[in-house]
Amino acid sequence: MEGGSGYNSIPPSTSFDKSRVLDVKPLRSLKPVFPSTSEAPPFVCAPPNGPFPPGFTPFYPFSAPQVSQTSPNLNHGNPPPVPMPMGPIPAPLRAFRSSQSPGIPGIFNGNTTQPTETFREVDENADGLRMNEDGYVDGQKRAAPHLRGSSSSQKKTRKNKVTKSSLSGIAAKRPRDFVEDISPVERSNGNRELVYEVLLRFDALRRRLSQMEEAKEQSVGIIKRADLKAGNILMSRGVRTNMTRRIGAVPGVEIGDIFFFRIELCVVGLHAQSMGGIDYMIIKDNLDEEPLAMSIVSSGGYDDDAEDGDVLIYSGQGGNFGKKDKQASDQKLERGNLALERSVRRANDIRVIRGIKDAVNPSSKVYIYDGLYRIQESWSENKSGCNIFKYKFVRMPGQPGAFAVWKSIQKWKEGLSSRVGLILPDLTSGAESLPVSLVNDVDEEKGPAHFSYFPTLRYLKSFNLTQHSIGCDCHNACQPGDLNCGCIRKNGGDFPYTNNGILVGRKPLIHECSPACSCFPNCKNRVSQHGLKVHLEVFRTTDRGWGLRSWDPIRAGTFICEYAGEVVDEVKGRRGGEEGENDEYLFDTNRVYNTFKWNCEPELLEEESSGDANEDYKIPFPLVISAKTIGNVARFMNHSCSPNVFWQPVLYEQSNQSFLHIAFFAMGHIPPMKELTYDYGISRSDEVDGDIELNRKKKCLCGSSNCRGYFG
DNA sequence: GCGATATCACACTA
DNA sequence: CTAGTGTGATATCG
């Protein structure tokens, strides 16, 4: 199959073609190279900061096998020659290993010393985690250690839901239901699923609050900061994790994870200070007590030097530095600065979160968890007569690239260095507003099989699926909360998107404005009509043919692309006649899709459950799209049973007819270079047959712990 | 028109 | 309970 007919052939051009692409077969369904899903591709052994080996993906899919995710792995000796501070070194600290470095020599400087009180506690936590990982062995039985805020979290929302024990078999296999309780143990110590879920719930609530605020709904009062409000609600309801403060990695948070609000770092326990840049804890060592730094956020407020991907010169806090209305003063060796100073001597791991401007949304920031660092040295500087502390943070070796990946992308964008394995800078040949690069740094394939790039849907005339509808008569732009707007009324009174174009919630159908409306084309209710917003890349995967990923960070609810192609006859398309291979590029609303919860839980807003909670796909009519001969980037998106992208039906008008489109949105925040995937669903006719026709199915290689084993 | 700058309300932990 | 820590959205300036 590989290297099939289309290989290296240049198809005849047609007047319609915007571009031609070379190709092999769609390999989304090829048989596995790694038959067992537990055999992760070898990208975990990449050098810390690149250059990455072919196909290296620095980020695990969220529920991919994470053998050592929560194991402290303290018994792997052979510390590499890491840079160590000079002078006497007090008792080395033990901590969680970096979560993504299985098989990499330990990064600890020893494991023979007696753990201190605090570290014994850490170890116990680690044991608990290991149990959890084996399938919620005793999630409920263990007493909750020192839980703050547990009382306030017991109220409401957790009505008699399924107990954890009744789910024990399934829980590890299936994403949990939103409303399900988070146990005290899980609140203390997280895991990957939980961290992801807490973040999803945070953003769902945040989007809903933004929507209500933008519509000026009186019910919630004025919320200037939906992020803080959402964070506050979740914290007080106990929808949070990793409350146990710890040195080292945080279970469930992976290097490369991205965040869009400081408060998100709090709810997953990565950095507990909602504003402060230095988080620390008091360590009791025999009779001594000393503060040690756990994590820092470098966001550009001070003149930190973040030029090098592996070294960070971090400024101490305080001194009223950079504040207009206050007199600058000396920084004092107290609080965070003191903790950093102690951490120099102790040489403990410190989590580093780097905040940078979001290129896609310049008014906001992105926070990247860049893994564990240690402070190599510290000194004082004098800035306009005032003392400032400086700390040289050096990244621990053996960790997957995170911030370094961003730096590489930045260079590609500036043209300073070309993307390794670049085949085409823009496979759309200008058909999209942004270029889509085609890259293969894995093998010899020169590109996907020929198709014509077409950025949207093409309805054939023979389908009379559409009807004229009346647009709104708003002037300028439709205003959230304006119930005179016909389009908002069609959406049930809610504006489907936030002011910055983020989808608030899934619904059976979204009605966007169109040329039939009198609002301007830049009206915010046209999110899915304006093409790509992030720089995408079609790339060669190691075992699943071509795939799609993004150079830009994508926040939850962001429109990614629509499924473009030809709308085909439902019955014919589904069975594909003799050419079963047509199935490869089919999108079919008739398939059975895993249900999942994405919208805000009304309980968190103390609202009665309403129609908004409905996340069923109820489509006005079935839609089958073939992207075999014409299509856009969506045709390269692979299947996953734990996807990070979902589809949403959107209706808007063109040429006096309403057309149904399939729009893809980000489920959670997606870091750059992480593969984009959605659930392909299962063909309904096969399901009805009872016996699944496995030969028609494709063996799934998504590698997720929720994997169904097949799809299609 | 766009970046810089000002203003404002605020949530976490020690 | 208070102090210490900037943040993120928006308005205004040059």
Side-chain angles (χ1 to χ4, degrees), chain A residues 146-149 152 202-203 205-207 209-214 216 220-246 259-284 289-304 314-340 342 353-367 388-389 480 498-502 522 524 555:
Chain A
H146 38 264
L147 238 199
R148 279 171 292 181
S152 64
F202 166 82
D203 208 59
L205 178 55
R206 198 209 107 245
R207 294 189 307 266
L209 288 167
S210 294
Q211 180 186 54
M212 295 166 85
E213 166 67 15
E214 284 161 12
K216 300 179 175 59
V220 285
I222 296 157
I223 306 169
K224 281 203 167 171
R225 294 286 301 271
D227 58 323
L228 294 184
K229 185 76 179 171
N232 186 245
I233 291 174
L234 292 197
M235 297 284 263
S236 61
R237 297 290 191 92
V239 184
R240 58 184 298 188
T241 186
N242 288 314
M243 290 177 74
T244 301
R245 298 162 68 69
R246 47 164 67 74
F259 307 86
F260 289 82
F261 298 93
R262 283 291 302 265
I263 208 79
E264 288 181 305
L265 307 176
C266 300
V267 292
V268 299
L270 185 61
H271 184 88
Q273 303 295 330
S274 64
M275 299 162 107
I278 306 165
D279 198 13
Y280 61 95
M281 68 190 291
I282 306 293
I283 301 295
K284 293 188 181 65
E289 289 190 359
E290 65 176 348
L292 288 184
M294 294 183 293
S295 55
I296 58 155
V297 180
S298 166
S299 354
Y302 295 84
D303 56 354
D304 300 346
Y314 189 76
S315 304
Q317 63 188 185
N320 292 326
F321 188 47
K323 289 179 192 156
K324 254 283 170 340
D325 48 343
K326 287 191 182 160
Q327 182 67 43
S329 59
D330 285 343
Q331 290 188 342
K332 296 188 186 70
L333 194 57
E334 57 186 26
R335 286 181 253 280
N337 298 343
L338 183 60
L340 289 176
R342 295 286 185 256
I353 299 108
R354 294 176 182 257
I356 57 174
K357 208 171 80 171
D358 182 2
V360 183
N361 202 354
S363 67
S364 66
K365 258 184 200 155
V366 198
Y367 297 95
I388 293 175
F389 295 110
T498 61
N499 273 345
N500 52 2
I502 301 284
N522 64 356
K524 294 190 193 308
R555 66 153 100 176

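Just so we're on the same page: letters track the sequence lines, and every chain starts at 1.
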So, does [X] use its side chain to make a donor-acceptor pair with the main chain of [Y] at under 3.5 Å?
| X | Y | value |
| --- | --- | --- |
| A:Asp330 | A:Lys332 | no |
| A:Asn320 | A:Ser329 | no |
| A:Gln317 | A:Gly336 | yes |
| A:His271 | A:Gly276 | yes |
| A:Gln331 | A:Gly319 | no |
| A:Asp358 | A:Val366 | no |

Is [X] close enough to [N] that one of its side-chain N or O atoms is under 4.0 Å from OP1 or OP2 there?
| X | N | value |
| --- | --- | --- |
| A:Arg262 | B:dT13 | no |
| A:Ser299 | C:dT7 | yes |
| A:Asn232 | B:dC10 | no |
| A:Tyr367 | C:dG8 | yes |

Original post:
Which of these nucleotides, B:dC12, C:dT7, B:dT13, is closest to any side-chain atom of A:Ser274?
Top reply: B:dC12
Nearest-Å distance, [atom1] ([X]) to [atom2] ([N])?
| X | N | atom1 | atom2 | result |
| --- | --- | --- | --- | --- |
| A:Lys229 | C:dG8 | NZ | C1' | 17 Å |
| A:Asp279 | C:dT7 | CG | C1' | 16 Å |
| A:Ile282 | B:dT13 | CD1 | C1' | 11 Å |
| A:Met243 | B:dC12 | CE | P | 11 Å |
| A:Gln317 | C:dT7 | CD | P | 12 Å |
| A:Asn337 | B:dA14 | CG | P | 16 Å |
| A:Met235 | B:dC12 | CE | C1' | 6 Å |
| A:Phe202 | B:dA11 | CZ | P | 12 Å |

**OP:** Quick one: do A:Asp279 and A:Arg245 satisfy salt bridge (charged side-chain N to carboxylate O under 4.0 Å, His left out)? Show the steps, please.
**Re:** CA-CA 10 Å; A:Asp279 198 13; A:Arg245 298 162 68 69; 2.8 Å; yes
Original post:
Distance from A:Cys266 atom SG to A:Phe259 atom CZ, nearest 0.5 Å?
Top reply: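 Rounded to the nearest 0.5 Å, the SG-CZ separation comes out at 10.5 Å.
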Detail all sub-3.5 Å separations between protein N/O atoms and N/O atoms belonging to nucleotides 9-14 of chain C.
none

**OP:** Answer with base, sugar-phosphate or nothing: what part of the nucleic acid does A:Gly318 contact at a heavy-atom distance below 4.0 Å?
**Re:**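 Touches sugar-phosphate only.
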Using a cutoff of under 3.5 Å, can you pull out all pairs of nitrogen or oxygen atoms linking the protein to nucleotides 1-4 of chain B, with atom names and distances?
none

**OP:** Begin with the C-alpha distance, continue with both residues' side-chain angles, and end with the deciding distance and a verdict on side-chain contact (heavy atoms from CB on, under 4.5 Å) for A:Phe202 and A:Arg240.
**Re:** CA-CA 9 Å; A:Phe202 166 82; A:Arg240 58 184 298 188; over 6 Å; no
